Amino acid sequence: MSGQDQQALTDALSAEYAAVYAYGVIAAYAAAERNQVVAEFTAAHRARRDATADILKSLGATVPAPAAAYPPPFPVNDPIPAAKLAVTVESETAVAWRSVVERAGSPDIRRTGADALTECALRLTTWQTILGTNPPTTAFPGKP
C-alpha cells in the first residue's frame, strides 16, 4: 500500500468516526418516524468504520483512534437541524470516499472507495428527500 492509499483511507476513517458520532446526535433529535432510517444509517457507518480500520490493519498501517468529540457545525435541537446534520455528515463522508477513489493506487482500495461513495450518495438522497430538497440528488457526489 502506498502512503497515498494509507492517507486516503485514514482520512475516510476519520470521516466515518465523525459520522458515527454525529448520528448519535441525529438520533437524539430526529423525528420519531425517522428512527429506523437513523438506526440503519448509523449501523452502515459503523460497519464502514470497522471495515476501514480492518483494511488499514491488514496493510500494516496504524489505525488512529477517534477524537473525543465531534461537535456539530450548527446547533441541533429539533428534527429539522437533525436532518440537516445528516445531510452534512453524508456530504462530508462522500468527500472523503471520493478522495479515496481519486487517490488510491490499488484497484481494491479504489473499489472500496467507490462502494462507500455510492452508499453515502444514497443516504444523502434519502435525507435530501426528507428535507424536500429538489432535486434530492447531486450530479457528482463527494465533489468538494
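Remember, predicted model here, so these are calculated numbers, not experimental data.
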Inset, instruction - Run the numbers on Gln128 and Thr137 for side chain to side chain contact (heavy atoms under 4.5 Å, CB included), then give the verdict. - result: CA-CA 7 Å; Gln128 297 271 65; Thr137 60; over 6 Å; no
Legend entry - Verdict with supporting geometry, Trp97 and Asp11, side chain to side chain contact (heavy atoms under 4.5 Å, CB included): CA-CA 9 Å; Trp97 286 110; Asp11 293 346; over 6 Å; no
Does the side chain of [Y] come within less than 4.5 Å of [X]'s, by heavy atoms?
X	Y	result
Ile109	Leu59	yes
Val20	Pro66	no
Thr62	Leu56	no

For the side chain of [X] and the backbone of [Y], is there at least one donor-acceptor N/O pair under 3.5 Å apart?
X	Y	value
Arg110	Ala104	yes
Thr133	Thr129	no
Ser106	Asp108	yes
Ser99	Val95	no

Inset, instruction - Check the pair Glu40, Arg123 against side chain to side chain contact (heavy atoms under 4.5 Å, CB included), reporting the backbone distance first and the verdict last. - result: CA-CA 10 Å; Glu40 179 184 323; Arg123 288 188 299 265; over 6 Å; no
Inset, instruction - Is it possible for you to say whether Leu117 and Leu122 belong to one hydrophobic cluster, with membership spreading through side-chain heavy-atom contacts below 4.5 Å? - result: no
Legend entry - Common cluster, Val37/Tyr23, ILVMFWY with side-chain heavy-atom separation under 4.5 Å: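 Cluster IDs for Val37 and Tyr23 match.
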Inset, instruction - List the steps, then state whether side chain to side chain donor-acceptor pair (under 3.5 Å) holds for Glu119 with His45. - result: CA-CA 10 Å; Glu119 292 167 7; His45 280 291; over 6 Å; no
Legend entry - Distance under 6.0 Å and angle within 45° of ring axis: Arg34 vs Trp127: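 Geometry flag: not set, cation outside 6.0 Å or 45°.
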Rounded distance [0.5 Å steps], [atom1] in [X] versus [atom2] in [Y]:
X	Y	atom1	atom2	answer
Thr93	Arg98	OG1	CZ	13.5 Å
Thr42	Tyr21	OG1	OH	13.5 Å
Thr52	Tyr17	OG1	OH	9.5 Å
Ile55	Thr112	CD1	OG1	4.0 Å
Glu102	Lys143	CD	NZ	9.5 Å

Inset, instruction - May I ask you to decide whether Asp50 forms a salt bridge with Arg46, counting only side-chain N to carboxylate O separations under 4.0 Å? - result: no
Legend entry - Salt-bridge present (Glu16, Arg48; N to O < 4.0 Å): no
Could you pull out the closest heavy-atom pair between [X] and [Y], with the gap in Å?
X	Y	answer
Ala18	Tyr70	CB-CD2, 3.6 Å
Ala96	Ala15	CB-CB, 3.7 Å
Tyr29	Val76	CE1-O, 3.4 Å
Lys57	Val63	CG-CG2, 3.5 Å
Ile26	Ala82	CG1-O, 3.6 Å
Ala8	Val100	O-CG2, 3.4 Å

Inset, instruction - Can you establish whether the number of heavy atoms outside Gln36 located under 6.0 Å from its atom CD is more than 12? - result: no
Legend entry - Chi angles and distances behind the side chain to side chain contact (heavy atoms under 4.5 Å, CB included) call for Phe74, Thr88: CA-CA 10 Å; Phe74 48 82; Thr88 300; 3.8 Å; yes
Inset, instruction - Identify the residue among Leu124, Thr126, Thr125 that makes a side-chain contact (heavy atoms from CB on, under 4.5 Å) with Pro136. - result: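 Passing option: Thr125.
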